[in-house]
Every structure is written in structure tokens, then in C-alpha cells.
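Structure first, commentary second.
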Amino acid sequence: MRYCTKCVVPETRPGINFDDRGVCNFCRYYESLDKIDWEGRRKQLIDIAQEAKNKGAQYDCVVGVSGGKDSTYMALYARDVLGLNVLLANMVPDGITEIGRHNINNLQKMGFDCFMFRPNPKVCQKVAKMAFYTWGNPVKPSEYALYATPVRAAIMYKVPLVIFDIETTTLDDDTEDKNGGDASRINEQNTLGFSGDSSHLLCDGVTAKDLIPYHYPSQEEIRQSGVKMIYLGYYKRWSPHEHAMFAINRGLHIRTDDALELGRYTKYHALDDDTGIMNQMLKHMKLGYGFATDEACADIWAGRITREEGVKLVREYDGKCGVKFIKQFCDYIGITLDKFWNVAEKFRGPMWKKNKIGEWILKDPIK
Ligand SMILES: [Zn+2]
């Protein structure tokens, strides 16, 4: 397996490409951010906010929130810096964690109206099980609902603007901002990659009507509603680490689990849902890298750690997952641990081999 010579991203990451120096397109994209006219973009953002205010709607904008670091930052930025009357939209995860519950409450108590939408737990459980069996990714359906909820809230309450965090497709295909901050096709992002039609989630005992929360509005519906959707990360340089410090100073609770149980060395990601932790272990089996790789890359791009430090962190934490998280997921979908490993092993990628004592190891771990 080949890795970027500048960060720690492997060749198995969707949309990756390397130049002659072995540097990946993500690194090139982050280098290009230094040349962006951020002041110019800030002015564009102020114009967009003013345009939303001029519509005279009840709320000026919807911000989709989990109560985590980025959404706390976005909600306060929209209200306090852009001066917008914000409606928060929260898709309540099935099995929300105590920390997640605290954080969303903490954000609401900073003075917001919040539209809270909770999809049918019985359906959540069924589609998570189906997605685990089909794609080795039980989180996929809830991501659909997560992105659809703020858009639905905006259409319902006739709100002219929806603010999302940061585009990820931009980084996959090239080093240019393809959509110029327009988030209307957020459903096509690489993590989601679906047309909006959720019919492929149909499974035993789940009908089309059960899937309403997972159905992203069509481009036609979005156009007719007149709602504008933007990525704040296009207009304002994105810094998850700074957002975490910002939110912690305002009462955000972070994880207290051991880093080896989380498979990541920071404690401020995946706060409201435990399945995401286990899902990164599954990604590690499938693609040979997990969340520690993602966060080390982000820290290298931001200049906070060296590649050498990143390599060390990846080797220590990547793909690790506490048994408690796996067990919890098994109980949730009603299978045994043996059955879990049986299914999970079907998705193991070709970058693995067994060592002398029969343990799976990466053929080419990062060096
Ligand atoms: Zn790179």
C-alpha cells in the first residue's frame, strides 16, 4: 500500500491521487488554501447573510447541528458574527450518548430554537443492520438522515438559507473548489454518494414510507423552495481543532474513553453516537486505514504535527476499537459477537495478511 510522502493518507482513500513527488491531492489542496483571498470570501458571505435577512422570513437560516464542536462553532458564528436569526436542526441519533445529550442541550441553552427530528427507532435499527450486512457500514443510513434533516426543516419553515460545514468532494477529485461554496448537492458527497432516493435502503419490514427521514429532497424541490445552501468552510478557513477549543470553552463535553478504545488520539470527535467509533474499525478492515489516519492528516495539514509524529500516532491507534463498542452494536442489531466478526471479515480488504500466530496485519504498514 502506498502512502502520501507529506501526510499519512494511503492510496485506498476514495478519490486519492499522487503527483510526481508522491504528494497527494489533499496536501495540494491544503497548500492552495494559503493563496485564497479569504477577505474576499468573507465579503461574499456577508452578502449572502444580508440577502437571507432581506427575505424577511421568520428564521434567516438553518444550521444542522449535533451539538459537537463544529456545529457549536457554526451556530454561534451564524448568529453572533453574521447576525442571522438561526433555527437549529438536530437529527437525534438512535442511541444518542449521554455526552451527546449534554452537548445538544448545552448548545440550545446558548439561546436557540431547535427543530429536533427523531427517525423511527425500529426503522433505524433495521436499516443499520441491513447496511452493516450489505456494505459493512451501519452508519450510512443515519448520515442520509443527518444531511436531509436541515434541508427538510428549511423547506418546511420557508427558511431561505442552510449552512453546512465543509465540502469533502472538493478534496477528492481535484484541488479546485468545484461548487464555489454551493452545498445543494451535499447528498452526493463521497461519504454519502447517493442520488437522494433512499429506496436502496428498503429491506425486510421497511417500506418506502418508513424511509422518509432518509430521503434527501430532489434538486427540483430545492429549486422550487428557493432555499440556498452553502458550505461555511468555503468562506471561512476551517479548523476543527480551533472549533473544538472554542466549543470546550463554552461547555462542550468530550469523550473520556481510552484513546485505544476510540481508535483515535483526540477526544472531541464522534461525541453523540458510539456506532461511528466501531464503523472506523470496519473502515480500517476494508481500506487499511481508520480515523487516526484522518485526524493525523488534518493535524499535518494544519501544521500542528510532523509527518513522523503522525506515523507514530497512526501505528498506535488506527483501527483500534473497544470491545464495549462492538458488543453494544451487536446488542443493538441483535446478533452475537461471532456473527459480527463473520460478517465483518467478509469486507476485509486485500491489504491484509496473517502473521505467524494467525493475527491479521497490514502487508505495508505506514513507515
Ligand atoms: Zn498528502
Side-chain angles (χ1 to χ4, degrees), residues 1-36 38 41 69-70 137 165-181 188-193 231-234 236-244 259 262-266 268-270 276 279-320 349-352 361-367:
M1 204 156 68
R2 185 180 172 193
Y3 298 88
C4 175
T5 52
K6 230 178 146 186
C7 67
V8 290
V9 71
E11 63 181 339
T12 50
R13 170 146 189 169
I16 195 83
N17 66 62
F18 298 103
D19 68 9
D20 302 343
R21 303 167 294 160
V23 175
C24 76
N25 46 335
F26 293 86
C27 282
R28 300 197 308 272
Y29 172 79
Y30 278 91
E31 279 167 17
S32 78
L33 292 182
D34 289 335
K35 296 181 206 116
I36 283 170
W38 291 106
R41 289 201 180 170
K69 61 183 182 3
D70 293 320
N137 180 352
D165 48 8
I166 188 163
E167 183 173 13
T168 60
T169 36
T170 299
L171 311 181
D172 284 352
D173 302 336
D174 48 49
T175 57
E176 297 292 318
D177 281 296
K178 277 188 312 196
N179 297 320
E188 292 166 14
Q189 278 201 157
N190 65 320
T191 47
L192 301 171
Y231 289 109
L232 186 58
Y234 175 83
K236 167 120 194 26
R237 201 162 178 162
W238 205 245
S239 173
H241 183 74
E242 271 174 40
H243 299 169
L262 296 172
R264 57 193 78 199
Y265 57 91
T266 52
Y268 48 66
H269 292 99
N279 199 48
Q280 289 293 329
M281 178 198 72
L282 292 171
K283 182 175 92 178
H284 192 242
M285 291 173 75
K286 271 183 278 190
L287 300 174
Y289 77 98
F291 197 81
T293 292
D294 294 332
E295 58 182 346
C297 282
D299 280 341
I300 293 168
W301 296 328
R304 268 194 309 279
I305 60 170
T306 62
R307 185 178 189 276
E308 203 183 354
E309 288 164 325
V311 168
K312 228 176 130 211
L313 291 163
V314 168
R315 291 184 71 114
E316 187 155 0
Y317 299 111
D318 219 19
K320 300 284 191 302
M351 67 292 291
W352 295 91
I361 54 166
L362 282 170
K363 288 177 191 166
D364 302 303
I366 192 161
K367 288 190 197 75

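All values reported here derive from a predicted model rather than from experimental measurement. Indexing begins at 1, ligand by ligand and atom by atom, following the structure's order.
Residues satisfying the ring pair (Phe, Tyr, Trp, His ring centres under 6.0 Å) criterion with Y3, sequence neighbours excluded, are absent altogether. Legend: residues meeting ring pair (Phe, Tyr, Trp, His ring centres under 6.0 Å) with W38, ordered by chain and number and at least two apart, are absent. By the side-chain hydrogen bond (donor to acceptor under 3.5 Å, both in side chains) test, Y317 is found to be paired with no residue, residues two or more places apart in sequence or in another chain being considered.
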Discussion item. Assess the residue pair Y289 and H284 against the criterion (ring-ring contact (aromatic ring centres under 6.0 Å, His included)); give the C-alpha distance rounded to whole Å, side-chain angles, the decisive distance to 0.1 Å, and a yes or no.
Written reply: CA-CA 4 Å; Y289 77 98; H284 192 242; 8.3 Å; no
Discussion item. Please determine whether side-chain contact (heavy atoms from CB on, under 4.5 Å) holds for the pair D364 and M351, giving the CA-CA distance in whole Å, both sets of side-chain angles, and the decisive distance to 0.1 Å.
Written reply: CA-CA 7 Å; D364 302 303; M351 67 292 291; over 6 Å; no
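For the atom pair OH (Y268) and NE2 (H243), the distance works out to 11.0 Å, reported to the nearest 0.5 Å.
If you count the protein N, O or S atoms nearer to the Zn ion (ligand 1) than 2.8 Å, you get 4.
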